[in-house]
Amino acid sequence: MVRVFRNISYLYFILLAVFWFSESYLSLGIINYPAVGAFVLLMLQLFYDQKYLGIFCGIPLFVFSLYMFISAFFGYFATVVKADGHLKFLIIKALLFGIGVVLSSGLLSYYMKMKNSSKTTN
């Protein structure tokens, strides 16, 4: 069960990195190298499952998701004129990044408890 949770977490963040890359490439026509780097690191961690790489990937995922979760609420309350779909967009952003906070904190807690940096057999 732990392995399934980890794989779902990594697939979620891999899909976010792919979306980030494709969105910047299609809208601006530039290659987003941080998105490519995030994709490569997450794919490495998905296949090799090492403790320090997991912590190295988990901390930025947690911090970024928490920042975006908090930023969604501050952006909503800072808006003076609220449009019709503004609240719906806030709910979607809060769910998207709230799920990211939960998944990344689960990954961090798993890798903090891991005893060695070798491949696990769960």
Other ILVMFWY residues reachable from V4 by side-chain steps of under 4.5 Å
I8

L95 with F19, same ILVMFWY side-chain cluster at under 4.5 Å:
no

Single-linkage hydrophobic cluster M68~L87, side-chain heavy atoms < 4.5 angstrom:
yes

Check whether any side-chain heavy atom of F69 sits under 4.5 Å from a side-chain heavy atom of I99, and report yes or no.
no

F74 reachable from I92 in the ILVMFWY side-chain graph, under 4.5 Å edges:
no

Would you say Q50's side chain and Q45's backbone share a donor-acceptor pair under 3.5 angstrom?
no

Could you work out, with side chain to side chain contact (heavy atoms under 4.5 Å, CB included) as the rule, every residue matching F56, not counting sequence neighbours?
L41, L53

Report, as yes or no, whether the 6.0 Å neighbourhood of atom CZ on F21 holds more than 12 heavy atoms from other residues, nucleotides or ligands.
yes

Going by side chain to side chain contact (heavy atoms under 4.5 Å, CB included), name the residues that satisfy it together with L15, two or more places apart in sequence or in a different chain.
none

Given a cutoff of under 4.5 Å between side-chain heavy atoms of I, L, V, M, F, W and Y, with clusters grown through shared members, what are the other residues clustered with I30?
L28

Using a 4.5 Å cut-off on heavy atoms from C-beta on, say whether the side chain of F5 contacts that of L103.
yes

Residues which pass side chain to side chain contact (heavy atoms under 4.5 Å, CB included) with L16, listed by chain and number, not counting sequence neighbours
Y12, F13, L96

What residues join W20 in its hydrophobic cluster, counting side-chain heavy atom gaps under 4.5 Å, either direct or through other members?
none

Hey, are the side chains of F97 and Y67 touching, using non-hydrogen atoms and a 4.5 Å cut-off?
no

Are I59 and Y10 connected, step by step, through hydrophobic side chains (Ile, Leu, Val, Met, Phe, Trp, Tyr) whose heavy atoms are closer than 4.5 Å?
yes

I'd like to know if V63 and L107 are part of one continuous hydrophobic network [Ile/Leu/Val/Met/Phe/Trp/Tyr, side-chain heavy atoms within less than 4.5 Å].
yes

With sequence neighbours excluded, tell me which residues meet ring pair (Phe, Tyr, Trp, His ring centres under 6.0 Å) with F39.
none

State which residues pass ring pair (Phe, Tyr, Trp, His ring centres under 6.0 Å) with F89; sequence neighbours excluded, sorted by chain then number.
none

Nearest heavy-atom approach of M114 to K51 is O-NZ, 3.0 Å

Report yes if the side chains of Y25 and N32 come closer than 4.5 Å at any heavy-atom pair, otherwise no.
no

With sequence neighbours left out, write down each residue that passes side chain to side chain contact (heavy atoms under 4.5 Å, CB included) with F62, or none if nothing qualifies.
L66, V101, S104, S105, L108

